[in-house]
Asks: 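To start, I am sharing the structure in question, which I have written as structure tokens.
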Amino acid sequence: MGYSNYTIVTLGSHSALQILKGAKDEGFKTAVVVTPDRIPLYKSYDNFIDQILEIQSWQDFPKIEKDLGSDFIIIPHGSFVAYLGMDENKKMKVPYFGNKKVLDWEEDRKMQRRWMEESGVKVPRRFRKGDKTDRPVIVKSYGAAGGKGYFTARNQKELDEKLKTFSEERFMVQEYVIGVPVYFHFFYSPLTHKVELMSVDKRYETNVDSLGRIPAKNQRGLNIEPSFEVVANIPMAVRESMVAVAVEMAQRVIKTSQKLIGPKGLFGPFCLETIVTSSEEIYVIEISARIVAGTNCFINGSPYTYLLYDEPMSTGRRIAREIKNAIKQNKLKEVLD
Ligand code: AMP
Ligand code: AMP
């Protein structure tokens with residue numbers, strides 16, 4: 001079957017517009033699964049969205065999934081685990097771009113930490129239950145939550161107090177690294193065995209990114225707690241010396257995934273979320289094993305994709321290109337789960 005007979009489908013949220021625009025540019029048919037409130041948005045892009053599949057709520061996704069044939073290919077993004085849950089993701093029968101085994105390694109913070117450590121990347125110190133914290137920490141719950149529900153504590157006493165009223169069961173306490181966040185987006189192709197740097201962003205998080213607007217002396221007494229909810233993403237061009245380090249880290253992360261997760265390992269889009277300190281150390285705070293929303297800044301390509309492609313290449317389009325190449329080379333199975 002030629003690639004133009006396939007339909008690329010995703011959930012209407014997160015980076016769906018980018019994914020579907022990319023799929024259309026590569027010659028695929030496209031479909032989006034949406035809840036009623038979002039139909040006007042996706043309808044307004046009928047130039048590249050062929051089919052709108054309505055469900056009443058995200059919980060109804062399995063009902064519609066049954067009707068999608070083997071000519072549909074689903075592209076997961078940040079909302080899949082957040083809205084459908086882990087089990088639903090694993091149970092999906094529609095051909096799925098990516099390796100579902102990676103989901104466990106991404107979701108479980110301890111497994112992810114092992115993956116990062118074995119990749120030889122610098123990670124913030126972790127404090128286990130019973131450890132004495134001797135520096136500021138950040139407490140992170142599990143799952144892709146876009147920074148929601150994180151909190152910080154300056155010392156052990158503050159940590160103990162805040163944990164008393166914390167309702168999450170699964171979380172990790174990590175050293176709070178003082179520096180700037182830099183998110184590197186990559187794509188690993190199992191067909192060419194190459195890691196491509198796609199783009200770089202930083203997040204615009206409320207309220208941490210606005211705390212500096214009010215001098216510390218005016219903040220005194222306001223009792224502001226920092227929070228890290230992502231609102232938007234901002235494009236970046238990074239010092240080339242740091243790009244060199246990041247690309248090497250990404251290659252090691254891929255190699256290690258093939259050892260830990262199985263021969264296929266991690267492939268397709270992924271992101272190294274880092275904090276860069278004033279001594280130019282790059283700490284990896286998280287591996288996102290999927291397309292991240294920061295790539296939405298680059299639907300028309302980035303400075304880095306311009307170096308590799310003579311046409312606008314978003315991460316969404318790169319995914320579609322990989323599927324197209326796999327079909328042409330009779331290797332579609334290698335990129336689907
Ligand atoms: P939304 O597309 O706004 O419905 O977001 C769906 C989920 O994706 C959210 O609950 C977050 O977990 C995650 N998310 C959304 N936007 C971003 C972003 N810019 N960066 C990282 N995660 C995000
Ligand atoms: P994450 O969900 O891991 O991508 O983290 C969301 C945000 O929390 C980041 O963009 C940072 O602003 C902040 N953050 C997370 N972990 C750390 C850390 N170890 N040190 C400093 N800031 C952090």
Side-chain angles (χ1 to χ4, degrees), residues 14-15 77-82 102-103 105-117 119 121-128 131 133-155 158-159 162 166 168 170-186 199-213 224-236 238 246 249-250 253 269-297:
H14 193 272
S15 45
H77 54 56
S79 298
F80 275 66
V81 170
V102 177
L103 288 170
W105 287 84
E106 189 191 24
E107 199 255 357
D108 187 311
R109 289 199 181 277
K110 282 160 202 146
M111 285 165 80
Q112 180 167 137
R113 196 175 167 87
R114 187 175 151 213
W115 180 8
M116 296 197 278
E117 281 172 352
S119 302
V121 302
K122 212 182 265 297
V123 289
R125 216 177 124 181
R126 175 180 161 206
F127 293 95
R128 293 163 203 265
D131 283 351
T133 55
D134 57 353
R135 60 194 80 186
V137 292
I138 180 163
V139 179
K140 304 163 98 169
S141 49
Y142 279 35
K148 206 185 175 96
Y150 290 4
F151 69 83
T152 59
R154 280 166 294 188
N155 48 44
E158 194 177 341
L159 178 65
K162 286 182 167 172
F166 192 52
E168 292 285 336
R170 300 173 77 206
F171 59 84
M172 182 184 264
V173 178
Q174 213 177 57
E175 163 185 18
Y176 186 86
V177 182
I178 310 283
V180 292
V182 181
Y183 287 49
F184 295 92
H185 320 143
F186 296 97
S199 43
V200 189
D201 83 298
K202 71 169 194 166
R203 289 175 168 189
Y204 195 46
E205 292 165 348
T206 185
N207 59 15
V208 274
D209 287 321
S210 74
L211 293 183
R213 287 157 59 94
I224 302 171
E225 280 294 337
S227 62
F228 300 87
E229 281 229 40
V230 62
V231 173
N233 303 82
I234 305 168
M236 296 181 94
V238 178
M249 290 198 299
V253 162
F270 66 103
C271 172
L272 295 186
E273 308 188 352
T274 75
I275 306 275
V276 184
T277 69
S278 51
S279 48
E280 293 178 32
E281 284 172 314
I282 303 180
Y283 282 86
V284 178
I285 56 172
E286 200 163 307
I287 303 169
S288 261
R290 57 191 157 83
I291 183 170
V292 292
T295 58
N296 286 337
C297 299

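Indexing begins at 1, ligand by ligand and atom by atom, following the structure's order. What you see is a predicted model; the values in this text were computed from it and never measured. All residue numbers in this chain count up from 1 along the given sequence.
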Asks: Taking the minimum heavy-atom distance to atom 13 (C) of ligand 2, which of Tyr204, Tyr183, Phe228, Tyr150 ranks first?
Replies: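 It is Phe228 whose heavy atom sits nearest to atom 13 (C) of ligand 2.
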Asks: If you look at every heavy atom in Pro124 and Ile285, which pair is closest and at what distance?
Replies: CG-CG2, 3.8 Å
Asks: As an exercise, identify every atom of ligand 2 less than 4.0 angstrom from a heavy atom of Tyr176.
Replies: 20 (N), 21 (C), 22 (N)
Asks: Answer yes when Lys162 and Glu225 have at least one side-chain N-carboxylate O distance shorter than 4.0 Å, and no when they do not.
Replies: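 Judged by the 4.0 Å cut-off on N to carboxylate O distance, Lys162 and Glu225 do form a salt bridge.
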Asks: Below 4.0 Å, non-hydrogen atoms only: which portion of Val177 touches ligand 2? Side chain, backbone, both or neither.
Replies: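 Both backbone and side chain.
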Asks: Is the contact between Val230 and ligand 2 made by the side chain, the backbone, both, or neither, using heavy atoms and a 4.0 Å cut-off?
Replies: neither
Asks: Among Glu286, Gln174, Lys202, Glu273, which residue places a heavy atom closest to atom 19 (N) of ligand 2?
Replies: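 Of the listed residues, Gln174 has the closest heavy atom.
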Asks: Give the minimum heavy-atom separation between Ala246 and Phe186, together with the two atoms involved.
Replies: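 Scanning both residues completely, I find the closest heavy atoms to be O-CZ, 3.6 Å.
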Asks: For Lys140, counting its heavy atoms only, list the atoms of ligand 2 lying under 4.0 Å from any of them.
Replies: 3 (O), 15 (C), 16 (N)
Asks: So, applying side-chain contact (heavy atoms from CB on, under 4.5 Å) with Trp115, which one of Asp108, Ile287, Val121 is it?
Replies: Ile287
Asks: Is it the side chain, the backbone, both or neither of Arg203 that has a heavy atom closer than 4.0 Å to ligand 2?
Replies: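 Answer for Arg203: side chain.
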Asks: Quick check on contacts: which atoms of ligand 2 are under 4.0 angstrom from a heavy atom of Glu175?
Replies: 18 (C), 19 (N), 20 (N)
Asks: Can you measure from CZ (Phe80) to NE2 (His14) and round to the nearest 0.5 angstrom?
Replies: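 Phe80 atom CZ to His14 atom NE2 measures 10.5 Å (nearest 0.5 Å).
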Asks: Which atoms from ligand 2 have a heavy atom of Ile275 less than 4.0 Å away?
Replies: 21 (C), 22 (N)
Asks: Could you state the interatomic distance from OG (Ser279) to CD1 (Ile178), rounded to the nearest 0.5 Å?
Replies: 12.0 Å
Asks: With rounding to the nearest 0.5 angstrom, report the CD to CD1 distance, Glu175 to Ile138.
Replies: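 Taking CD in Glu175 and CD1 in Ile138, the distance rounds to 11.5 Å.
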